[in-house]
Amino acid sequence: MMQIEWRLEMGAALEPENLVGDITLSEAQTSFGERDTYIDSWLEALITGLQAVQMGQRRCVDIPEEVAALVFTPVDQGVQIAYRTMVLHVESIDELQRAVYVAAQALLQRLATVEGWETNPLLRGIGDFVCQARATSGALDI
C-alpha cells in the first residue's frame, strides 16, 4: 500500500508561504523523499502527476525547489513514480489517488487554523483536489 508521509519543521509559527519539512513516499520495500523541502510543492507535483496518469499520459513534473523531477509513467493498471535514481511501483492509480488525498487532506487540516492559507495558490489547488476527490470518494473508498 502506497503511503505519503510528511512532517513540517517545528518553527516559531506556521506560515503558508514557508511549509518546509520532510516528505517520504513509500510502497512495499521501496521509499524515497526529501528533507528540508517544500511540502506544498511536492503535493502539487504529485497531484499533477496523478492527473496525467489518470489520462493515460506519462508526465515529468518539476518540483520548483528541487533539482530532480518526479516522473509518472502509467503501467498496466498502476503507475511507476521515479525520482532521482529511485522508482516506486504503485499497483493501481486509485491507490496513488488515495495516498495523495490522505496526505493533502492532512496538510489542509493542519493549516485550518492558520490565517490566510487560502491566498497561497498551491494550497488553493491542493484544496480543490481534496474537494474533488471527496466528491468522487465513493468509488475510491477514501
Side-chain angles (χ1 to χ4, degrees), residues 1-11 13-114 116-142:
M1 177 80 85
M2 180 176 184
Q3 292 186 328
I4 301 168
E5 298 174 343
W6 55 263
R7 183 187 59 77
L8 292 173
E9 289 180 0
M10 299 311 259
L14 195 56
E15 299 173 26
E17 305 82 31
N18 194 26
L19 298 174
V20 175
D22 305 335
I23 190 164
T24 304
L25 284 66
S26 58
E27 167 61 44
Q29 302 299 318
T30 308
S31 67
F32 63 72
E34 284 291 342
R35 298 177 57 80
D36 300 321
T37 191
Y38 286 86
I39 304 303
D40 52 345
S41 293
W42 269 81
L43 289 175
E44 195 266 340
L46 288 163
I47 291 167
T48 299
L50 167 65
Q51 292 168 340
V53 295
Q54 285 174 327
M55 294 184 292
Q57 300 171 348
R58 181 181 187 276
R59 171 76 60 83
C60 181
V61 182
D62 289 325
I63 303 167
E65 300 83 10
E66 300 298 335
V67 175
L70 288 168
V71 180
F72 296 81
T73 306
V75 179
D76 298 322
Q77 299 302 310
V79 60
Q80 184 176 300
I81 306 171
Y83 181 69
R84 298 185 188 264
T85 61
M86 301 295 295
V87 178
L88 284 182
H89 300 280
V90 184
E91 287 188 28
S92 75
I93 293 172
D94 286 348
E95 187 178 331
L96 173 59
Q97 182 165 358
R98 269 190 296 278
V100 173
Y101 172 82
V102 168
Q105 183 180 41
L107 180 64
L108 294 179
Q109 286 174 344
R110 179 79 193 277
L111 293 171
T113 59
V114 176
W117 72 265
E118 310 90 355
T119 61
N120 179 319
L122 287 180
L123 294 176
R124 270 201 321 269
I126 292 168
D128 291 346
F129 166 78
V130 167
C131 288
Q132 187 176 37
R134 193 178 295 135
T136 60
S137 65
L140 290 174
D141 229 4
I142 292 176

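In this chain, residues are counted from 1 in sequence order.
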To the nearest 0.5 Å, what is the distance between [atom1] on [X] and [atom2] on [Y]?
{"X": "Gln97", "Y": "Ile47", "atom1": "CD", "atom2": "CD1", "value": "10.0 Å"}
{"X": "Met2", "Y": "Ser31", "atom1": "CE", "atom2": "OG", "value": "10.5 Å"}
{"X": "Ile23", "Y": "Ile39", "atom1": "CD1", "atom2": "CD1", "value": "5.0 Å"}
{"X": "Asp36", "Y": "Glu65", "atom1": "CG", "atom2": "CD", "value": "12.5 Å"}
{"X": "Trp6", "Y": "Thr24", "atom1": "CH2", "atom2": "OG1", "value": "12.5 Å"}
{"X": "Thr30", "Y": "Leu88", "atom1": "OG1", "atom2": "CG", "value": "6.0 Å"}

- Please report the C-alpha distance between Arg84 and Glu66 in whole Å, then the side-chain angles of each, then the deciding distance to 0.1 Å, and finally whether the side chain to side chain contact (heavy atoms under 4.5 Å, CB included) criterion is met. CA-CA 10 Å; Arg84 298 185 188 264; Glu66 300 298 335; 4.0 Å; yes
- Message: side chain to side chain donor-acceptor pair (under 3.5 Å) for Ser92 and Gln77? Distances and angles first, verdict last.
- Response: CA-CA 5 Å; Ser92 75; Gln77 299 302 310; over 6 Å; no
Taking the side chain as every heavy atom from C-beta outward, state whether [X] and [Y] have any pair of such atoms under 4.5 Å apart.
{"X": "Glu95", "Y": "Met1", "value": "yes"}
{"X": "Leu111", "Y": "Leu123", "value": "yes"}
{"X": "Thr48", "Y": "Leu70", "value": "no"}
{"X": "Phe129", "Y": "Gln105", "value": "no"}
{"X": "Asp22", "Y": "Thr37", "value": "no"}

- Item | With sequence neighbours excluded, residues passing side chain to side chain donor-acceptor pair (under 3.5 Å) with Asn18 |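 Listed in chain order: nothing, the list is empty.
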- Query: Taking only residues two or more places apart in sequence or in another chain, which ones pass side chain to side chain donor-acceptor pair (under 3.5 Å) with Glu118?
  - Reply: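 None.
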- Message: Between Leu43 and Tyr38, does the side chain to side chain contact (heavy atoms under 4.5 Å, CB included) criterion hold? Intermediate values first, please.
- Response: CA-CA 9 Å; Leu43 289 175; Tyr38 286 86; over 6 Å; no
- Under the side chain to side chain donor-acceptor pair (under 3.5 Å) rule, what do Glu5 and Ser26 come out as? Steps first, then yes or no, please. CA-CA 8 Å; Glu5 298 174 343; Ser26 58; 5.6 Å; no
Please name the pair of heavy atoms, one in [X] and one in [Y], separated by the smallest distance, quoted to 0.1 Å.
{"X": "Val53", "Y": "Ile93", "answer": "O-CD1, 3.4 Å"}
{"X": "Leu25", "Y": "Ile4", "answer": "CG-CG1, 4.1 Å"}
{"X": "Arg58", "Y": "Val71", "answer": "NH2-CG1, 3.2 Å"}
{"X": "Asp40", "Y": "Pro16", "answer": "OD2-O, 4.1 Å"}

- Message: We want to know whether Gln51 and Gln57 form a side-chain donor-acceptor pair, criterion being a heavy-atom distance below 3.5 angstrom.
- Response: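 No, no side-chain donor-acceptor pair sits under 3.5 Å.
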- Message: One pair to check against side chain to side chain contact (heavy atoms under 4.5 Å, CB included): Arg110 and Leu8. What are the steps and the verdict?
- Response: CA-CA 10 Å; Arg110 179 79 193 277; Leu8 292 173; 3.7 Å; yes
- Report yes if the distance between the aromatic ring centroids of Tyr83 and Trp42 is under 6.0 Å, otherwise no.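 Distance test on ring centres: under 6.0 Å, yes.
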- Query: Taking Trp117 as the fixed residue, which of Ile126, Leu19, Leu14, Leu108 is the one that meets the side chain to side chain contact (heavy atoms under 4.5 Å, CB included) rule?
  - Reply: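 Of Ile126, Leu19, Leu14, Leu108, side chain to side chain contact (heavy atoms under 4.5 Å, CB included) with Trp117 is met by Leu108 alone.
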- Would Arg35 and Glu9 count as a salt bridge (charged side-chain N to carboxylate O under 4.0 Å, His left out) if you check the C-alpha gap in whole Å, the side-chain angles of each, and the deciding distance to 0.1 Å? CA-CA 10 Å; Arg35 298 177 57 80; Glu9 289 180 0; over 6 Å; no
- Query: Does a sphere of radius 6.0 Å around CD in Gln54 hold more than 12 heavy atoms from other residues, nucleotides or ligands, not counting ones at 6.0 Å or beyond?
  - Reply: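 Counting neighbours around CD of Gln54, more than 12 heavy atoms of other residues, nucleotides or ligands fall under 6.0 Å, so yes.
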- Can any side-chain N or O of Asp76 pair as donor or acceptor with the backbone N or O of Gly78 at less than 3.5 Å?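 No: the side chain of Asp76 does not pair with the backbone of Gly78.
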- Salt bridge check: are Arg124 and Glu44 linked by an N-O gap of less than 4.0 Å?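 No, Arg124 and Glu44 are not salt-bridged.
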- Task: Apply side chain to side chain contact (heavy atoms under 4.5 Å, CB included) to Phe72 and Leu46, showing your working.
- Result: CA-CA 9 Å; Phe72 296 81; Leu46 288 163; 3.9 Å; yes
